[in-house]
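Please read the structure below before turning to the comments.
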Amino acid sequence: MEGLHLTADCFECEGSSALFLDAQILRDRVTAITQASGLTIVGEKFFPFSNADGSPAGVTGTLLLAESHVAIHTWPERRAVTLDVYVCNFQNDNSSKARRIVDDLIQAFAPLRVIRQELQRGTPESTHWHESLTAHTGYQTEVSNIQSFQSPLQRIEFAQTQDFGKVMRIDGAMMTSEKDEFCYHENLVHPAALSHPAPRRALVIGGGDGGSCEELLKHPSIDSITLCEIDETVIRLSREHLPAIHRGALDDQRVSITCTDGFAFIRETQQSWDLILLDLTDPVAPDGSSLAATCMTPDFFRACNERLTDQGMLVMHLGSPYFHPERFRSTLQKLQQAFAVVRPYTVFVPLYGAQWGMAIASRNTDPCAISHSDLAQRLQERGITGLQYYHAGLHQALFALPQFAQNLMPD
């Protein structure tokens, strides 16, 4: 009986009036959306209400599913709709299908305001989250104490796990965890920051969990960090739920926060930085959506290049060279259109379930050119201790790609 129960209360809807009043039109739309999700309809009933004068007054309807149900009720006089979707997850995880139905129905009714709720049913102690690497491969981890929030832009969830501590996922994709965040954040920051003789100013696009800022602040030469996170809800929730990751960096006086689209910010600013970190969500989320897609174009990379100092570097992740070979290759290709130096490297990130690609791009600074002795000296001079993944001896090894990843390098 393990399952996911979703509700949504939609207000000030701007969708077609026919969806509120015509039972057949509403039935056809709900049926089409449910069938597109991949769930199995086994029965249905849609009933139209009428006013005293015989005029239509709303519709209530239910689809019976092999996996449970979809229910809807319209309030045309209030331009409001209530949605109720429940799916069983006992043998298969149908959560993403249920969320797709709710998302598509919300889009059809076009509300100006939505209140969404999620309830895990049947397993009060724990359930499992599935992390997809491709349409065919993924892994599961047991989670408990799930807390779910819907921002105007995306769904943000927190949960407790045995192997990762507290985790955060966004739109169904794992973002970061208390126990393994160092694998990602240390390697996103330090290979580039230590290749720079004295980085002073940094820009982080994304990174609302604060982990990248926390690593940057370990470099004493850093006197300002601009954190450009499109969704202020991520920052607000991370302050509360992820103190073990940001360690107060989100409130450090050297960190200034702006909540806007990264591409728009880069195009409009006249500032320059020694480091630009693209600490973004995946360009395509499991549900097909993407907030990061605009930051994955040659035009965006060229705009970043213009905002770097002469020795400045851009750093980003590329996805898995094994599971996302085309993304890995095409992103490097786009970077090469904008930068003279592009150096990919790989890191294993347990939470992501795979070897993960990253890249440093610059006009003329080559992170592969710095020696082991210089790296060790800079770590000592900067007083950077207690790292759990990165060290001077690892630096060159990061850039030694396995042959299958080398084969993905653009010509």
Side-chain angles (χ1 to χ4, degrees), residues 2-49 56-76 78-121 130 132 135 148-157 169-173 284-291 293:
E2 292 87 349
L4 177 67
H5 199 158
L6 308 177
T7 66
D9 301 324
C10 307
F11 304 94
E12 303 170 66
C13 297
E14 297 182 338
S16 169
S17 295
L19 288 174
F20 291 87
L21 300 169
D22 190 306
Q24 187 62 43
I25 290 175
L26 181 62
R27 174 201 170 277
D28 291 346
R29 180 64 67 89
V30 177
T31 298
I33 286 172
T34 303
Q35 288 174 334
S37 77
L39 296 178
T40 310
I41 300 172
V42 296
E44 52 98 346
K45 178 66 176 180
F46 283 76
F47 180 81
F49 295 94
V59 180
T60 191
T62 301
L63 295 181
L64 302 180
L65 308 178
E67 300 82 4
S68 199
H69 71 259
V70 176
I72 187 168
H73 189 91
T74 70
W75 307 79
R78 300 173 63 182
R79 301 297 293 180
V81 179
T82 57
L83 308 174
D84 183 312
V85 178
Y86 174 58
V87 290
C88 175
N89 289 334
F90 180 65
Q91 292 182 317
N92 298 293
D93 188 350
N94 295 301
S95 300
S96 62
K97 297 176 181 179
R99 293 190 178 103
R100 176 178 174 180
I101 291 172
V102 174
D103 291 344
D104 288 352
L105 286 171
I106 289 173
Q107 184 176 9
F109 283 94
L112 297 180
R113 186 165 60 93
V114 182
I115 299 174
R116 297 176 66 150
Q117 302 286 341
E118 291 196 8
L119 175 65
Q120 296 288 339
R121 297 182 61 180
H130 181 83
S132 296
S148 183
F149 306 87
Q150 182 66 40
S151 81
L153 298 171
Q154 54 199 347
R155 186 177 67 260
I156 306 156
E157 297 167 289
R169 72 174 184 174
I170 294 178
D171 284 342
V284 180
D287 64 0
S289 65
S290 175
L291 288 180

Query raised in the report: Does anything in residues 12-21 pair up under side chain to side chain donor-acceptor pair (under 3.5 Å), and if so which pairs, sequence neighbours excluded?
Result: S17-R79

Report task. Please name all residues satisfying ring pair (Phe, Tyr, Trp, His ring centres under 6.0 Å) with F49, sequence neighbours left out, ordered by chain then number. Result -> F47, H73

Query raised in the report: With sequence neighbours left out, what residues match S68 under side-chain hydrogen bond (donor to acceptor under 3.5 Å, both in side chains)?
Result: none

**Report entry** Which atom of N94 lies closest to which atom of C88, heavy atoms considered
**Finding:** ND2-O, 2.8 Å

Query raised in the report: By ring pair (Phe, Tyr, Trp, His ring centres under 6.0 Å), which residues pair with H130, not counting sequence neighbours?
Result: none

Query - Residue pairs passing the ring-ring contact (aromatic ring centres under 6.0 Å, His included) test where at least one lies in residues 98-121, sequence neighbours excluded - result: F20-F109

Query raised in the report: Taking only residues two or more places apart in sequence or in another chain, which ones pass side chain to side chain contact (heavy atoms under 4.5 Å, CB included) with E157?
Result: R99, E118, W129, S148, R155, R169

Query raised in the report: Got a sec, which residues hit side chain to side chain contact (heavy atoms under 4.5 Å, CB included) with A66, two or more places apart in sequence or on another chain?
Result: T40, V42

Requested in this report: List for me each residue that meets side chain to side chain contact (heavy atoms under 4.5 Å, CB included) alongside P56, sequence neighbours excluded, and say none if there are none.
Outcome: L21

Requested in this report: Please confirm whether the backbone N or O of Q154 pairs with a side-chain atom of S151, one donor and one acceptor, at under 3.5 Å?
Outcome: yes

Query - With R29 via side chain to side chain contact (heavy atoms under 4.5 Å, CB included) - residues at least two apart - result: L19, I33, A108

Report summary line: For A80 and F11, the nearest pair of non-hydrogen atoms, with its separation, is CB-CD2, 4.4 Å

Query - Partners passing side-chain hydrogen bond (donor to acceptor under 3.5 Å, both in side chains) against H5 (at least two apart in sequence or in another chain) - result: D84, R121

Query - From CD (E44) to OG1 (T34), nearest 0.5 Å - result: 11.0 Å

Report task. Please list, chain by chain and in numerical order, all residues satisfying side-chain hydrogen bond (donor to acceptor under 3.5 Å, both in side chains) with D93, sequence neighbours excluded. Result -> S95

Requested in this report: Look only at the side chain of R100 and the backbone of G38, and say whether a donor-acceptor pair between them is shorter than 3.5 Å.
Outcome: no

Query raised in the report: Looking at residues at least two apart in the chain, or sitting in another chain, which of them share a side-chain hydrogen bond (donor to acceptor under 3.5 Å, both in side chains) with Q24?
Result: D28

**Report entry** Separation of L4 CG from K97 NZ (nearest 0.5 Å)
**Finding:** 13.5 Å

